[in-house]
Every structure is written in structure tokens, then in C-alpha cells.
Amino acid sequence: MNIVIFGPPGAGKGTQSSFLIKNFNLYQLSTGDLLREELKSGSELASQIDKLMNAGKLVSDDIINSLIEKKLGDKSIENRIIFDGFPRNIEQAKTLDQLLTKYSQSISLVLNLKVDYSVITKRISGRVSCSICKTTFNEFFDPPKLCSNIKCSTRTMVKRSDDNVETVSKRLKTYDESTLPILDYYSSKNIVKDVDAMTDIDKVSEQISSIIKDLKS
Ligand code: ADP
Ligand code: ADP
Ligand code: ZN
């Protein structure tokens, strides 16, 4: 099954995607991660993307759709994709449906991670990740000394340049204006399940597990 993991910045989409990968043999397709990979190329396009990301604005639909289409044609991940951070507006949601139809696939579930905006700033300003394996930690909630992945044994944690208070408020505004309306689009298809994402990481994972198990049974 293909899943959209939905919620504002800092809701826990990446964290819960890691859980899904381990437990349900799914593949995470994060447009944010793909864009950050693109930034490393140092191209002209990369510098445009960098400006938009640091301003908390959305990157153009053309760029995003071409990143996505490349992946949807990949048979090795067919029907086991978690879309993380995509779609981000109605246009992207409609394009995704068209592309999935073209590749004889669909979305079975939208996990709506619900959080109060009051917790978001702390989650995002504390977010760090292992420079080697990209596992995400939080300086406030589970301060990493070493990466928990034994293969890494690194002490190097990196922070995203857009994870600062000023950009977060812009990202939330973009989320409210452009991204949130997608929920109505998916609700009309009866595929949205709400998840209380204010609780501990493990408790959120438990809710997600039971939703997926119910759907499969
Ligand atoms: P998103 O992908 O939605 O932007 P992340 O999964 O990267 O969010 O999580 C943002 C930060 O909040 C990370 O530092 C992560 O460790 C932390 N976090 C995620 N889920 C929870 C939770 N349920 N409770 C407390 N902190 C969390
Ligand atoms: P978060 O997990 O905190 O919500 P992401 O890593 O998903 O953040 O996104 C970081 C930034 O990358 C966004 O603020 C936006 O500028 C850009 N971005 C990511 N995904 C998309 C998308 N589907 N469409 C447009 N811009 C995107
Ligand atoms: Zn690591």
C-alpha cells in the first residue's frame, strides 16, 4: 500500500516514516530529503532551491513533480511508498493521483499527524540528525551523545539551516495556506486517519501500527 504521511513541520513525519520502514517494509520518499540532496550539487538550480527553502516557501511544482515521477517508475518500490512532505498543495495532490494512475497505483491511507503549533518550535529548534545515517534526534527530548546506530558511532550531529525560529513561522504560514487544504481533498476520498502526535514517539507509532493492521485485516 502507498501512504501519505501528513502534518505540519515538526509533527514527526520523518520519525514515524523510519518506524514504518523498519516494521512494514515500506520505502520513504521525502521530497525535503531529495531537495537537500539536490542542494549538494551546487548548480544554479540548487541555489534557487536553497533560497526558497530558507525563506520557508514552497519549491516549484515542476521541480517536485519531476523528482517524484522518477521514483514512481521504479518497480522495486511499487506500492510500498510513504510520501513524506509531499504533496504540499492541491496541485501536487492532483498530479500525484494522475501519476499513480499512470503507474497503476493509488494511495490507500493518509496519516494525519495532529499537533498543536505550540510544541512545534521546540521540536524543530531541537532537531539534529546523524551526519552519517541521517537518523533524527532531538537536543531537548532525547539528547544524542552518539548515534544509536552501531554502524556509525559518530558524535557529529547536523542541524538544518531552515530549522530556526524565524523560518519555522514562515513554514507554518505556508503550511496553513497551501498544504492544509489538501486534507479536504483526501477526506472526500475517505482515506484520512487522524493520529494524536502530541504523545511520545512510541505511542504515536502504536497508533499508526494499529491503523495499518486494521486496514490490512
Ligand atoms: P517532520 O518530519 O514532521 O518535520 P521529525 O520527524 O523530523 O518531523 O521530528 C521533528 C523533531 O521532533 C525531531 O527532533 C524528532 O526527534 C522530534 N519528535 C518527533 N516526534 C516526536 C514526539 N512524538 N514527541 C517528541 N518529539 C518528537
Ligand atoms: P519538514 O519535514 O520540516 O516539514 P521538509 O524537509 O519536508 O520539512 O521540507 C523542507 C523545505 O523543502 C520546505 O519548507 C520547502 O521549502 C521544501 N519542500 C519540501 N517538499 C516540498 C514539496 N513537496 N513542494 C514544495 N516544496 C517542498
Ligand atoms: Zn548514524
Side-chain angles (χ1 to χ4, degrees), residues 4-20 28-39 48-68 82-93 95-96 111-116 119-144 146-163 167-175 178-179 182 195-208:
V4 170
I5 191 154
F6 189 86
K13 300 181 297 295
T15 304
Q16 297 304 328
S17 296
S18 302
F19 165 80
L20 287 168
Q28 177 191 18
L29 207 170
S30 156
T31 44
D33 287 349
L34 291 174
L35 290 170
R36 282 183 285 278
E37 275 304 309
E38 188 66 38
L39 290 187
Q48 282 175 34
I49 294 173
D50 193 40
K51 279 200 195 99
L52 289 166
M53 287 175 82
N54 281 309
K57 293 186 179 158
L58 295 183
V59 171
S60 80
D61 291 346
D62 287 350
I63 294 176
I64 299 293
N65 293 337
S66 73
L67 289 174
I68 290 289
I82 311 161
F83 294 98
D84 168 7
F86 172 85
R88 235 93 157 193
N89 59 30
I90 293 278
E91 284 310 308
Q92 290 183 10
T95 305
L96 177 60
L111 290 167
N112 178 27
L113 303 191
K114 297 184 75 166
V115 284
D116 291 349
V119 304
I120 284 176
T121 309
K122 197 156 187 191
R123 283 197 189 175
I124 291 191
S125 54
R127 171 160 59 190
V128 287
S129 57
C130 170
S131 62
I132 298 175
C133 72
K134 313 291 175 221
T135 302
T136 302
F137 299 90
N138 193 287
E139 288 176 329
F140 303 118
F141 307 124
D142 72 280
L146 284 172
C147 178
S148 52
N149 184 344
I150 41 166
K151 285 186 216 138
C152 298
S153 68
T154 169
R155 287 178 195 278
T156 319
M157 292 287 154
V158 289
K159 241 183 181 9
R160 280 168 46 178
S161 65
D162 60 342
D163 277 353
T167 310
V168 169
S169 71
K170 292 184 185 142
R171 283 155 67 193
L172 282 176
K173 189 164 176 279
T174 303
Y175 176 80
S178 306
T179 310
I182 299 176
V195 175
D196 173 8
M198 293 289 282
T199 56
D200 292 348
I201 291 175
D202 290 352
K203 293 270 182 323
V204 179
S205 302
E206 278 169 26
Q207 295 173 62
I208 291 177

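Indexing begins at 1, ligand by ligand and atom by atom, following the structure's order.
Counting the atoms of ligand 1 from 1 in the order shown, those under 4.0 Å from a heavy atom of Asp200 are 23 (N). The distance from ligand 1 to the heavy atoms of Phe137 drops below 4.0 Å at these ligand atoms: 13 (C), 14 (O), 16 (O). Atoms of ligand 1 found under 4.0 Å from any heavy atom of Thr15 (numbered from 1 in listed order, with element): 5 (P), 6 (O), 9 (O), 15 (C), 19 (C). Counting atoms of ligand 2 from 1 in the listed order, those under 4.0 Å from a heavy atom of Arg127 are 3 (O). Taking a cut-off of under 4.0 Å to the non-hydrogen atoms of Arg36, the atoms of ligand 2 that pass are 6 (O), 10 (C). Near Gln92, meaning under 4.0 Å from one of its heavy atoms, ligand 2 places the atoms 22 (C), 23 (N), 24 (N), 25 (C).
Here the protein heavy atom with the shortest distance to atom 21 (C) of ligand 1 is Ile201 CG1, 3.3 Å. Closest protein heavy atom to atom 18 (N) of ligand 2: Leu35 CD1, 3.4 Å. The nearest protein atom to atom 15 (C) of ligand 2, hydrogens excluded, is given as Lys57 O, 3.5 Å; this is a heavy-atom distance. The nearest protein atom to atom 1 (P) of ligand 2, hydrogens excluded, is given as Arg171 NH2, 3.8 Å; this is a heavy-atom distance. Counting protein heavy atoms only, atom 20 (N) of ligand 2 is closest to Thr31 OG1, 2.8 Å.
Contact analysis leaves Ile124 out of contact with ligand 1, as no non-hydrogen atom separation drops below 4.0 angstrom. The closest approach between any non-hydrogen atom of Asp163 and ligand 2 is not below 4.0 Å. Residue-ligand proximity: Gly7 is placed with every non-hydrogen atom at 4.0 Å or more from ligand 1.
Checking only distances, Asp84 never comes within under 3.5 Å of ligand 2, N or O to N or O. Between Thr199 and ligand 1, a contact under 3.5 Å exists for at least one N or O pair. Polar contact check, Gly85 against ligand 2: a nitrogen or oxygen pair lies under 3.5 Å apart. Not one N or O of Thr136 is nearer than 3.5 Å to an N or O of ligand 1, by distance alone. For Phe141, no nitrogen or oxygen atom sits less than 3.5 Å from a nitrogen or oxygen atom of ligand 1, counting backbone and side chain alike. Residue Val204 has no N or O atom closer than 3.5 Å to an N or O atom of ligand 1. The shortest N/O to N/O separation between Gly10 and ligand 1 falls below 3.5 Å.
Contacts with ligand 2 closer than 4.0 Å are made by heavy atoms of both the backbone and the side chain of Val59. Neither the backbone nor the side chain of Arg123 has any atom closer than 4.0 Å to an atom of ligand 2 (non-hydrogen atoms only). At a 4.0 Å heavy-atom cut-off, ligand 2 does not touch Thr174 at all. With a 4.0 Å cut-off on non-hydrogen atoms, Glu91 does not touch ligand 2 at all. Contact annotation: for Asp162 versus ligand 2, heavy atoms closer than 4.0 Å belong to the side chain alone.
Other residues, nucleotides and ligands contribute over 12 non-hydrogen atoms within 6.0 Å of the NZ atom of Lys170.
Within the set Pro9, Ala197, Gly12, the minimum heavy-atom distance to atom 8 (O) of ligand 1 is found for Gly12. Ranked by closest heavy atom to atom 5 (P) of ligand 2, the top entry among Lys51, Arg88, Met53, Lys13 is Arg88.
Side-chain contact between Ser125 and Lys159 is absent, with no heavy atoms from C-beta onward closer than 4.5 Å.
Here the angle at the Zn ion (ligand 3) defined by SG in Cys130 and SG in Cys133 stands at 110°, rounded to 10 degrees.
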